[in-house]
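Remarks on the structure that follows.
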Protein chains: 2
Amino acid sequence: MSADPALRREIPDATVARLPEYLRTLSRLAEDGVPSVSSEELAAAVGVRSAQLRKDLSHLGSYGVRGVGYDVETLALEISRALGLTEDWPVAIVGMGNLGHALASYSGFVTKGFRIVALFDDDPALVGERVVDIAIRPLSELDDKHAVDPISIGVIATPAPAAQAVCDRLVGAGISSILNFAPAVLAVPEGVDVRRVDLSTELQILAFHAQRKALAAGHLGAAVLS
Amino acid sequence: MSADPALRREIPDATVARLPEYLRTLSRLAEDGVPSVSSEELAAAVGVRSAQLRKDLSHLGSYGVRGVGYDVETLALEISRALGLTEDWPVAIVGMGNLGHALASYSGFVTKGFRIVALFDDDPALVGERVVDIAIRPLSELDDKHAVDPISIGVIATPAPAAQAVCDRLVGAGISSILNFAPAVLAVPEGVDVRRVDLSTELQILAFHAQRKALAAGHLGAAVLS
DNA sequence: AGACGTTTGTGAAGCCATGCACAAAGTTGA
DNA sequence: TCAACTTTGTGCATGGCTTCACAAACGTCT
């Protein structure tokens, strides 16, 4: 009757954001031959409260055994299913500068569930070069349906000024999941998901806390400014 | 009397996370010669609600003019001050593989407030190489106080297995702000800030939503599983 | 079989963040 | 000078996430 809670219920965004972390830790445990974990142990390894872990997992279904814990293999599989990693997602990277190269050869990319199927860059000096056994092509070929396999996820690794135009092309090609490394806010139609990863934003957040600590610790006056 | 609200009041983390975005947009407006913006305009450019923008800015102080809006230059300066970007933060990158190279030459790094002062890698094939005019050195020199300028922020761009050991070294050298690109949870003492940027986590979150969309759109049954 | 110890799954409470709606404050024009 | 208009700053309500605390469920040992 009731099939898969993961596909029926609503899973909170905050929970979804933590699932990859749980999965990574579970995979490591599985490699080490650990058969099962308690919520307390797993939570400690990931760095969250055990109650939070249990509540997160409860959104996927009831895969634990009371008095025992969770079977590592089973739980890893269920999280994979919830995240949609049981099927392969074809990924394309646009912008093959330093960052694009790093992303393409990043091992974590290939792990599970994702497969790079296309690399794009309009720089003639880069077109034709092969990275991880895939030739870099000009972005114009993205529109050509016959030249490109289906793509589920587009990664933008271009400079900021080019990001919006690239994004429009990706959306035009039917891609509705985009990972944006360019420091730019992208305008997209309804139904398209954009996640942004920004190095300088992260640095600035660190700087804020660093400043806070510096002020709290040493010279907590520093009022002699204006 | 009351000096700087940014240094006195508590600024919510959620607000701090948005300030860099506001700052980036304001900088672009300043370059374009725009003298002032309303909360409505700025919010639209960043992609948030105007009420949220106003509430965020209210935590820094009262820098707007009713009936007019915010002076672009002034607001940019105040956000910079709140984030601690009026002084330079020396940054070190550990792990000069593909990602480390990309980070070192990433333009956004140099923009404002941050300055790369050291590059480390223990691979003999990399030691000595110069990137952005800085020579790569072995990590052992980090401990040598005389060989390294003060460092405020450490960036970990190593493979996951090495991350914890590198982190321990950074902390041992007195660094209390760490940006971690390795897919690993780092254990650090109280008072040390770690922010993690993980590509595969972001991809997995995208995959979750993509799966959700696929199920909702097409075959919303798919119950023929178990 | 039954009692005991352990761990899950979850109601309930508290907390933080978001969004609304409006008074206060400022500008512009007559 | 005064009225009309614009936009900020904020009290309040709403919603979501986190944490607590405990009953229900399971295995184990006698």
Side-chain angles (χ1 to χ4, degrees), chain A residues 2 4-6 8-22 26 29 34-76 78-79 82 205 208-209, chain B residues 2 4-6 8-22 26 29 34-76 78-79 82 205 208-209:
Chain A
S2 71
D4 190 342
R8 309 181 143 273
R9 289 192 202 172
E10 192 71 26
I11 302 183
D13 283 349
T15 294
V16 173
R18 280 186 294 268
L19 289 181
E21 201 60 56
Y22 301 156
L26 285 168
L29 291 175
V34 178
S36 76
V37 275
S38 67
S39 63
E40 204 70 50
E41 294 165 335
L42 183 54
V46 172
V48 301
R49 307 274 176 192
S50 64
Q52 175 147 273
L53 173 62
R54 288 198 298 276
K55 180 143 289 187
D56 282 342
L57 296 183
S58 75
H59 289 117
L60 314 189
S62 192
Y63 299 110
V65 179
R66 295 172 190 229
V68 177
Y70 300 87
D71 180 77
V72 170
E73 302 268 8
T74 305
L75 189 54
E78 288 304 329
I79 293 179
I205 295 172
F208 171 82
H209 291 292
Chain B
S2 70
D4 192 340
R8 307 179 145 274
R9 290 192 204 175
E10 193 71 26
I11 302 182
D13 283 349
T15 294
V16 173
R18 281 186 293 268
L19 288 180
E21 201 60 56
Y22 301 157
L26 284 168
L29 291 175
V34 178
S36 75
V37 275
S38 67
S39 63
E40 204 69 51
E41 294 165 336
L42 183 53
V46 172
V48 300
R49 306 273 175 195
S50 65
Q52 176 148 273
L53 173 62
R54 289 198 298 277
K55 181 147 291 188
D56 282 342
L57 296 182
S58 75
H59 288 117
L60 313 189
S62 193
Y63 299 110
V65 179
R66 295 174 191 229
V68 176
Y70 300 88
D71 180 77
V72 170
E73 301 268 8
T74 304
L75 189 54
E78 288 304 330
I79 293 179
I205 294 171
F208 171 81
H209 291 293

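Throughout, protein chains are lettered first and strands after them, A, B, ... in sequence-line order, and every chain is numbered starting at 1.
For a distance-only test at 3.5 Å, the side chain of A:R54 qualifies as a donor-acceptor partner of the base of C:dG9. No hydrogens or angles were tested; on distance alone, a donor-acceptor pair under 3.5 Å links the side chain of A:K55 to the base of D:dT19.
Closest contact between the side chain of B:P12 and the listed nucleotides C:dA17, D:dT10, C:dT10 involves C:dA17.
Summarising the geometry, atom CZ belonging to B:R54 is positioned 7.0 Å from atom OH belonging to B:Y70; distances are rounded to the nearest 0.5 Å. Interatomic distance, B:E78 CD to B:S62 OG, rounded to the nearest 0.5 Å: 11.0 Å. A:L19 contributes atom CG, which lies 7.5 Å from atom CG of A:L57 (distance to the nearest 0.5 angstrom).
If you take CD of A:E41 and C1' of C:dT8, they are 14 Å apart, rounded to a whole angstrom. One atom, CD of A:E10, and another, C1' of D:dC17, lie 14 Å apart when rounded to the nearest Å. If you take CZ of B:R49 and C1' of D:dT8, they are 19 Å apart, rounded to a whole angstrom. The interatomic distance linking A:D56 (CG) with D:dT18 (P) rounds to 7 Å, in whole Å. Per the geometry, CG belonging to B:L57 stands 11 Å off P belonging to D:dT10, to the nearest Å. Between the CD atom of A:E40 and the C1' atom of D:dT19 there is a distance of 13 Å, given to the nearest Å. For the pair A:D13 CG and D:dG15 P, the computed distance is 17 Å after rounding to whole Å. The separation between B:Q52 atom CD and D:dT8 atom C1' is 16 Å, rounded to whole Å.
Put simply, A:Y70 has a side-chain N or O that comes within less than 4.0 Å of OP1 or OP2 on C:dG9. At C:dT7, none of the side-chain N or O atoms of A:Y63 fall inside 4.0 Å of OP1 or OP2 (strictly under the cut-off). In terms of phosphate contacts, B:S39 brings a side-chain nitrogen or oxygen within less than 4.0 Å of OP1 or OP2 of D:dT8. When the side-chain nitrogen and oxygen atoms of B:S62 are compared with OP1 and OP2 of D:dG9, one or more of them lie within a distance under 4.0 Å.
Applying side-chain contact (heavy atoms from CB on, under 4.5 Å) to A:V37 and the options A:V68, A:L29, A:L53 leaves one that passes, A:L29.
With sequence neighbours excluded, no residue forms a salt bridge (charged side-chain N to carboxylate O under 4.0 Å, His left out) with B:D71. Residues meeting the side chain to side chain donor-acceptor pair (under 3.5 Å) test with A:E40, sequence neighbours left out: A:S50.
Residue-to-nucleotide proximity on DNA chain D shows that, of A:R18 and B:S38, the 5′-proximal contact is made by B:S38.
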All N/O pairs under 3.5 Å across the protein-nucleotides 27-30 of chain D interface:
none

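Although no hydrogens or angles enter the test, the distance criterion places a donor-acceptor pair under 3.5 Å between the side chain of A:E41 and the main chain of A:S38.
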